[in-house]
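All remarks here apply to the structure that follows.
Chain letters run A, B, ... following the sequence lines, proteins first and then strands; every chain starts at 1.
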Number of protein chains: 2
Amino acid sequence: MFDVFINYLKSKFILTDEQVTLIQSVCHLKKLRKRQYLLQEGDVWRFNAFVQKGLVRTYRVDDKGLEHIIQFSSENWWAGDRYSYLSETPARCNIDAIEESEIVLITKADYDMLLETIPALNTFARMLLERTFVAAQNRIHADISFTAEEKYHEFLKTHPTLINRVPQHMIASYLGLKPETLSRVRTKK
Amino acid sequence: MFDVFINYLKSKFILTDEQVTLIQSVCHLKKLRKRQYLLQEGDVWRFNAFVQKGLVRTYRVDDKGLEHIIQFSSENWWAGDRYSYLSETPARCNIDAIEESEIVLITKADYDMLLETIPALNTFARMLLERTFVAAQNRIHADISFTAEEKYHEFLKTHPTLINRVPQHMIASYLGLKPETLSRVRTKK
DNA sequence: AAAAAACATTGACATTTGTCAAGGAAAATT
DNA sequence: AATTTTCCTTGACAAATGTCAATGTTTTTT
C-alpha cells in the first residue's frame, strides 16, 4: 500500500524493518480523482504529503480569478502548503490532481515523532529542504532574467517528463505566461 | 567583535556561555568595502556568512553582461551561494557589498560541528531554512503573477527598510524590471 | 572644491507580451 | 458513437515593458 513511499525512503537512506513498520503505522493513503482537491484555499494544511502515483498542482488564485501555479508534484515528490503548515493559518494555496493520484499523508505530530525517532530521516529531510530551496532560487533567477522563450526551454530542461502530462496552459501558468504566448513561443522555434 | 552575531543567536534560542565561547572560536570577521566581492563567480563558496553590519547583494551575470539580483542581505541576515556550498562546485553567483559591511564567516566543517554540538542551533537552522523557503515561494508567486507596479509595491511591503539603502536600478534588477520601467512605475503613483 | 562616476529621469520609439474573439482539435463523458 | 468540455492555435489589435539616447542630479573620489 505504501510500497512506493517506502522504496523512495530506502533509496535515500538506510531503514531498519522496525522503522519501516513505524513509518507505515502513521501513513494514510488518499486517492484523488482528476480535479479533486487535496487542499482548498482557506483550510489549514496539516500534513506531509508524498505523491506515490499521479500528478498534482499547487496554485493560487488572484483577484481576477486567474490561477498561478506554484509547483507540480509527480511521483516521488512532495506536495503541500508549507506556510500554512508552519503557521497553522488558512492556506492561500489550492492543491488538486491533474491526474488520478495516490497520496501518502502523514500528520505533523506523527511526522515530528518520526523525525525524532529516525535520525537518518531528519538528516534527509534537511538535505531535501536545502535542495528544494536551491531549486526555488534557480526558478526565481529564471523568472527575473529570462524571456518567454528562454523560460520555456528552461522548463523543458528541468521538467522533461512533465511536458506530455501537463496541459500547456498550466505550463504557461507556471511560467507566468499567457497560454497564447506559450503557444506562439513553441511554434516559433 | 562578534557581538551582533551572538546577540542574534541569543534572540533566537538559549545559549550557554560555553556554547558562546565555542561559536566565537570558529568565527572569522571579514570587512568589506563598498563594491568589494565576498564571492566571485567561479570560486567555490565554503562558508556560512552572517551580515553583522552593512548590506550585500547576491547576483548572477547573464550572457549579455546584465546583472540579476537574487537576494539582498542586510544586518542580521545570511548570505551565500547555497548551491555552490552544497555541491562544492564553482559558484555562478557573485556577492558584493552595497555598503561597507562586516561579515561573520564560519567554514562548513566548523558549522557542521556546531550543528552537532548545539542541538538548539540545529533546530533553529531548520526553521530558518523553512521560512526562507516560504519566502522564496512567495517571491516566485509575485514574479509570475504581478505587474511591474504590483511587484514594486510588494517589495515596499516586504523590504521597507531597503528602499533608501539600495539604488533603484538594483531594486529593478531584483524585480526583473529595467531601471527605466521602475522609474516610471514610481512616478506614476 | 573640483572632477569623475554612478544614478535617476524623460522622450521617442521598438519589441514583447497580453487581450479578445473565433475556430478547430483533442480528450473526457455520456 | 455522439456529445460535451477542455484545450490549443491563430489573427488583429492593445497594453506593458524594453531600448536607446540625452540630460541633469547625486554621490563618490580625488
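- When each of B/R35 and B/P179 is assigned the nucleotide of DNA chain C with its nearest heavy atom, B/R35 is the one assigned upstream, toward the 5' end.
- No hydrogens or angles were tested; on distance alone, a donor-acceptor pair under 3.5 Å links the side chain of B/E180 to the base of D/dC20.
- As a whole-Å value, the separation of A/L177 CG from D/dT9 C1' is 16 Å.
- The side chain of A/R186 contributes an N or O atom lying less than 4.0 Å from OP1 or OP2 of D/dT9.
- For the pair B/K64 NZ and D/dT19 C1', the computed distance is 12 Å after rounding to whole Å.
- Not counting sequence neighbours, the partners of B/W77 by the side-chain contact (heavy atoms from CB on, under 4.5 Å) test are B/S73, B/S74.
- The CD-P distance, from B/E149 to D/dA16, rounds to 10 Å in whole Å.
- The interatomic distance linking B/K178 (NZ) with D/dA21 (P) rounds to 15 Å, in whole Å.
- In summary, A/E154 and A/R139 do not engage in a salt bridge, as defined by a charged side-chain N under 4.0 Å from a carboxylate O.
- In this structure, A/H169 does not reach the D/dT6 phosphate: none of its side-chain N or O atoms is under 4.0 Å from OP1 or OP2.
- Between B/F146 and A/P167, the residue whose closest nucleotide on DNA chain D is further toward the 5' end is A/P167.
- A straight line from CZ of B/R184 to P of C/dT9 spans 11 Å, rounded to a whole angstrom.
- OP1 and OP2 of C/dA8 both lie 4.0 Å or more from every side-chain N or O belonging to B/S183.
- Close to D/dT6, at under 4.0 Å from its OP1 or OP2, lies no side-chain N or O of A/Q168.
- Protein atom CD of A/E150 is 11 Å distant from nucleotide atom P of C/dT16, rounded to whole Å.
- In this structure, the CG atom of A/L182 is 11 Å from the P atom of C/dT17, given to the nearest Å.
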Discussion item. Go through it in stages, so that I can follow the logic: the residues are B/I6 and B/Q24, the test is side chain to side chain contact (heavy atoms under 4.5 Å, CB included), and I'd like the CA-CA distance, side-chain angles, deciding distance and then a yes or no.
Written reply: CA-CA 8 Å; B/I6 298 299; B/Q24 284 174 325; 4.0 Å; yes
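- Side-chain contact annotation: A/N138 with B/R60, donor-acceptor N/O pair under 3.5 Å present.
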